[in-house]
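These notes are about the structure you will find just below.
Chain A is the first sequence line, chain B the second, and so forth, proteins listed ahead of strands; every chain is numbered from 1.
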Amino acid sequence: MTARVGVITFPGTLDDRDTQRAVRAAGAEAVPLWHRDKDLHQVDAVVLPGGFSYGDYLRAGAISRFSPVMGTVIEQARAGMPVLGICNGFQVLTETHLLPGAMLRNNHLHFICRDQKLRVENAATAWTSDYAQGQEISIPLKNIDGRYVADERTLDMLEAEGRVAFRYVTDGPTADGYGNPNGSLRDIAGITNEAGNVVGLMPHPEHAVEPLIGTGRTDGLGFFTSILKKLVNA
Amino acid sequence: MARVVVDVMLKPEILDPQGQAVQRALPRLGFEGIADVRQGKRFELEVEGPVDDAALARIHEMAETFLANTVIEDFTVRVDEAVRAES
């Protein structure tokens with residue numbers, strides 16, 4: 001049986017088709033889901049793709065959080081279903097409080113678009129098991145609201161529990177664009193919930209699954225093969 | 001019709017680069033003496049019916065769950081008395 005991975009489209013979502021493609025590239029079945037539909041159509045996992053859901057009006061991710069589909073996603077995520085939020089999807093996950101903290105305008109106020117080096121800090125989540133702890137990957141980053149913030153207590157808790165899933169690699173050459181791209185506290189690029197089934201990150205693994213496009217590498221494919229492996233073994 | 005104003009501001013400890021950018025531009029424009037600027041959001045709600053305690057409680061709940069993200073923002077709710085007096 002093929003694993004079914006749902007990809008939600010909100011009004012203003014941009015990366016749903018790329019995400020569906022990435023799911024298929026990993027060998028799973030991509031199931032398009034619509035924001036107004038409460039039904040998840042028996043998917044085994046859900047990806048919230050990047051874009052500008054509801055135009056990012058009010059705050060990035062704030063309005064989508066109350067869409068009919070998210071009611072079901074929140075319920076299922078709490079019950080253990082794997083959920084990945086990429087960029088705008090990560091913003092939606094913080095607004096739902098499935099993940100702690102919040103996302104704010106980049107500290108330099110500019111939209112940024114570049115290849116970004118990340119370090120995998122937690123290779124034990126549902127979406128990262130095909131990576132090695134400490135592995136460095138390069139995937140595209142593109143956002144204006146990418147500054148991760150949380151209070152000190154929350155940050156300490158995330159560190160202590162190993163829930164910082166990805167960090168921006170800031171010790172590389174800065175001239176060609178490596179480094180903390182947005183002022184995220186403690187260089188956090190992605191985090192996971194306590195159970196490891198919900199993961200959010202700002203850069204875009206779905207844009208780096210084929211050598212022909214994106215970074216010219218396939219560093220992002222591991223997200224989608226990780227979840228497939230988990231679902232098939234489950 | 002009465003008006004209720006909800007002001008939403010980033011918490012004091014959260015960096016506000018937009019406010020800082022405005023503050024840095026002020027001396028260039030000849031406006032001296034402003035030590036700090038923080039930028040927020042103001043919502044003006046035109047409320048049908050009386051703005052009693054129950055209505056204000058509903059608006060407070062609305063601000064807390066939707067208009068503000070209380071992880072990063074504080075908010076205040078107040079009735080615009082000038083608008084109420086007119087109606």
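- Using a 4.5 Å heavy-atom threshold, the side chains of A/His97 and B/Val71 count as touching.
- Residue-environment remark: CD (B/Glu44) exceeds the threshold of 12 foreign heavy atoms within 6.0 Å.
- In the displayed structure, B/Leu29 atom CG is contacted under 6.0 Å by more than 12 heavy atoms of other residues, nucleotides or ligands.
- For A/Leu58, the parts lying under 4.5 angstrom from a heavy atom of chain B are both the backbone and the side chain.
- One distance of note links CZ of A/Arg65 with CG of B/Asn69; it measures 10.5 Å at 0.5 Å rounding.
- Evaluation of the side-chain hydrogen bond (donor to acceptor under 3.5 Å, both in side chains) rule for A/Glu161 yields A/Arg163 as partners, not counting sequence neighbours.
- Neither the backbone nor the side chain of B/Lys11 has a heavy atom closer than 4.5 Å to any heavy atom of chain A.
- Using a 4.5 Å cut-off between heavy atoms, A/Arg147 contacts chain B through its side chain alone, with no backbone atom that close.
- To the nearest 0.5 Å, atoms CD (B/Glu13) and CD (A/Glu152) are separated by 10.0 Å.
- Neither the backbone nor the side chain of A/Asp151 comes within contact range of chain B; no heavy atoms are under 4.5 Å apart.
- Using a 4.5 Å cut-off between heavy atoms, B/Phe66 touches chain A through backbone and side chain atoms alike.
- Crowding of A/Phe111 atom CZ: a count of heavy atoms from other residues, nucleotides or ligands under 6.0 Å exceeding 12.
- When heavy atoms are compared at a cutoff of 4.5 Å, A/His108 does not approach chain B at all.
- Within 6.0 Å of CZ in B/Arg58 there are 12 or fewer heavy atoms belonging to other residues, nucleotides or ligands.
- Heavy-atom contacts from other residues, nucleotides or ligands closer than 6.0 Å to CZ of A/Arg167 number more than 12.
- Residue A/Lys142 qualifies as enclosed at atom NZ: its count of foreign heavy atoms under 6.0 Å is above 12.
- Heavy atoms of B/Leu15 lying under 4.5 Å from chain A belong to its backbone as well as its side chain.
- For the atom pair CD of B/Glu73 and CG of A/Leu104, the computed distance is 7.5 Å after rounding to the nearest 0.5 Å.
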